[in-house]
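Beneath this line is the structure, given in structure tokens, with notes to follow.
Convention: sequence-line order gives letters A, B, ...; per-chain numbering from 1. Keep in mind that what you see is a predicted model, and the values were worked out from it rather than measured.
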2 protein chains.
Amino acid sequence: MATARLQERYGTAVPLRQMVSYRLSRLQAKLNAQATKILKENGDLTLMQWRILVMLDLYGEVTIARIVRETEFDKGLLSRTAKAMVQKGLIATKSNDSDLRQNHLSMTPQGRGVFDRAFAPMRGRQDKLLNSMSDEQRENLFEAFEMIENSLDEMRENE
Amino acid sequence: MATARLQERYGTAVPLRQMVSYRLSRLQAKLNAQATKILKENGDLTLMQWRILVMLDLYGEVTIARIVRETEFDKGLLSRTAKAMVQKGLIATKSNDSDLRQNHLSMTPQGRGVFDRAFAPMRGRQDKLLNSMSDEQRENLFEAFEMIENSLDEMRENE
DNA sequence: ACTTAATAGTTGACGTATCAACCTTTATCT
DNA sequence: AGATAAAGGTTGATACGTCAACTATTAAGT
């Protein structure tokens, strides 16, 4: 493989369009920028703050460890973000008597208000993104995500 | 992922699996981590350094502005990365007499050597990722990327 | 029971990405 | 030509993500 590439080699690499990692990182950067902007304009949340609120909306009350298990976000980042959210009055913490390590997070009414305000535009943008494709395409896309992720997880194990 | 745990949903939100932005950012984080590791072990490049080398391999000689146009990477980041690569002897710069603003980047032989060494493992991982799906699935995936990106670009225009 | 391992969470260090300000040089407009 | 805008590139401030070290608490192993 490397030997076949010894001469003229402009374009020996895969074309840009087909570079998975690059394509994804570019797409993700755009999604990120858009979400960040919408959130800033609708309650001034950061993306990670929004994500924590989503978890609280989904599960009602969660620990940081649970969020880590569900999402694989970094626990350090989560810890810092949660701290800031408590200071802003968006969430409350409650320690668990039967396990003193745990710290349960929950939305405050104010947090709920901010979440509700950001929800519609965030949902709207997601729908716009997905509405450009058919149900089947959408399902295929999520399947592809899973396949790639699985294959990444596998590679990580075999080393 | 923990599917059994996902039952107790009282949120208004979409289930996690279907949150495009979240799914993509997680996938991208994993791809990123893997690539970073491979590059570190095969010549000690950073991801951005690798990407610049890929551009040089594809196009022979490029300016930063050209890379920005092709990839939409941040020009500040590119500038800094290129500077570091010159110091490491991976690339050379040559100013253009007919336009003194421009600065053309090209690979040094050493840069070529490093690129060649990293190429096989990087290509291998990409193939592994894509080989887990059929040609059709693969094509659909890239199409989906394009659709989402287009719909993002559109939204950005309409505001 | 007691030692060791695992889990929950916090913190600091560091690299990377993003954004805006700025300087130069070239294009455009009148 | 002269003024203004646009393009190429650099730099600084700042936010974000990642990793590892560390404390406290609980679970497991023998």
Between dA15(D) (P) and Gln49(A) (CD): distance, integer Å: 12 Å
5'-most by nearest nucleotide on DNA chain C - Ser98(B) or Gln102(A): Gln102(A)
Please check if the number of heavy atoms outside Glu136(A) that lie under 6.0 Å from its CD is greater than 12. no
With a 4.5 Å limit on heavy-atom distance, are the side chains of Val62(B) and His104(B) in contact? no
Sidechain-backbone polar pair: Asp57(B) side chain, Leu53(B) backbone, donor-acceptor under 3.5 Å: no
Round to a whole Å and report the spacing from CZ of Phe73(A) to C1' of dC16(D). 13 Å
Please work out if Asn103(A) contacts a base, only the sugar-phosphate, or nothing of the nucleic acid, heavy-atom cut-off 4.0 Å. sugar-phosphate
Leu45(A) has an atom CG; how far is it from atom C1' of dA15(D), in whole Å? 16 Å
Using the ring of each side chain (for Trp, its six-membered ring), is Phe142(B) parallel, tilted or perpendicular to Phe145(B), with breaks at 30° and 60°? perpendicular
Could you tell me how far apart Gln28(B) (CD) and dC16(D) (C1') are, to the nearest whole angstrom? 13 Å
Going 5' to 3' on DNA chain C, which nucleotide is the first and which the last to come under 4.0 Å of a heavy atom in chain A? dA6(C) to dT18(C)
Polar atom pairs (N or O), protein with nucleotides 2-7 of chain D, under 3.5 Å:
from   : atom 1 : to        : atom 2 : distance (Å)
dA7(D) : N3     : Arg101(B) : NH1    : 3.2

Calculate the interatomic distance between Arg66(B) atom CZ and dG9(D) atom P; express it in whole Å. 12 Å
Test item: Gln49(A) and Ile52(A) side chains (from C-beta on) under 4.5 Å apart, heavy atoms: no
Quick one, Ile148(B) and Leu141(A) - any side-chain contact, counting heavy atoms below 4.5 Å? yes
Measure NZ/Lys37(A) against P/dC16(D) and give the value in whole Å, please. 17 Å
Lys88(B): which of Leu90(B), Val86(B), Ile91(B) passes side chain to side chain contact (heavy atoms under 4.5 Å, CB included): Leu90(B)
Report the distance from atom NE2 of His104(B) to atom P of dG8(D), rounded to the nearest whole Å. 10 Å
Reckon Asp99(B) touches a base, only the sugar-phosphate, or nothing at all at heavy-atom distances under 4.0 Å? sugar-phosphate
Reckon Ala29(A) touches a base, only the sugar-phosphate, or nothing at all at heavy-atom distances under 4.0 Å? sugar-phosphate
Value in whole Å for how far the P atom of dG9(D) lies from CD1 of Ile91(B): 12 Å
Applying side-chain hydrogen bond (donor to acceptor under 3.5 Å, both in side chains), run through Arg125(B) and Ser21(A) and close with a yes or a no. CA-CA 10 Å; Arg125(B) 94 158 179 141; Ser21(A) 186; 3.2 Å; yes
Side-chain heavy atoms of Ser25(A) within contact of Arg51(B), under 4.5 Å: yes
Arg80(A) side chain near Met48(A) side chain, heavy-atom distance below 4.5 Å: no
Please state whether the rings of Tyr22(B) and Phe73(A) are parallel, tilted or perpendicular, taking 30° and 60° as the class boundaries. perpendicular
Note: Glu154(B)-Lys128(A) ion pair, threshold 4.0 Å (strictly below): no
Sorted by number, the residues of residues 75-86 of chain B with heavy-atom contact under 4.0 Å to DNA chain D: Lys75(B), Gly76(B), Ser79(B), Arg80(B), Lys83(B)
Between Asp97(A) and Met48(A), the residue closer to the 5' end of DNA chain D by nearest nucleotide is Met48(A)
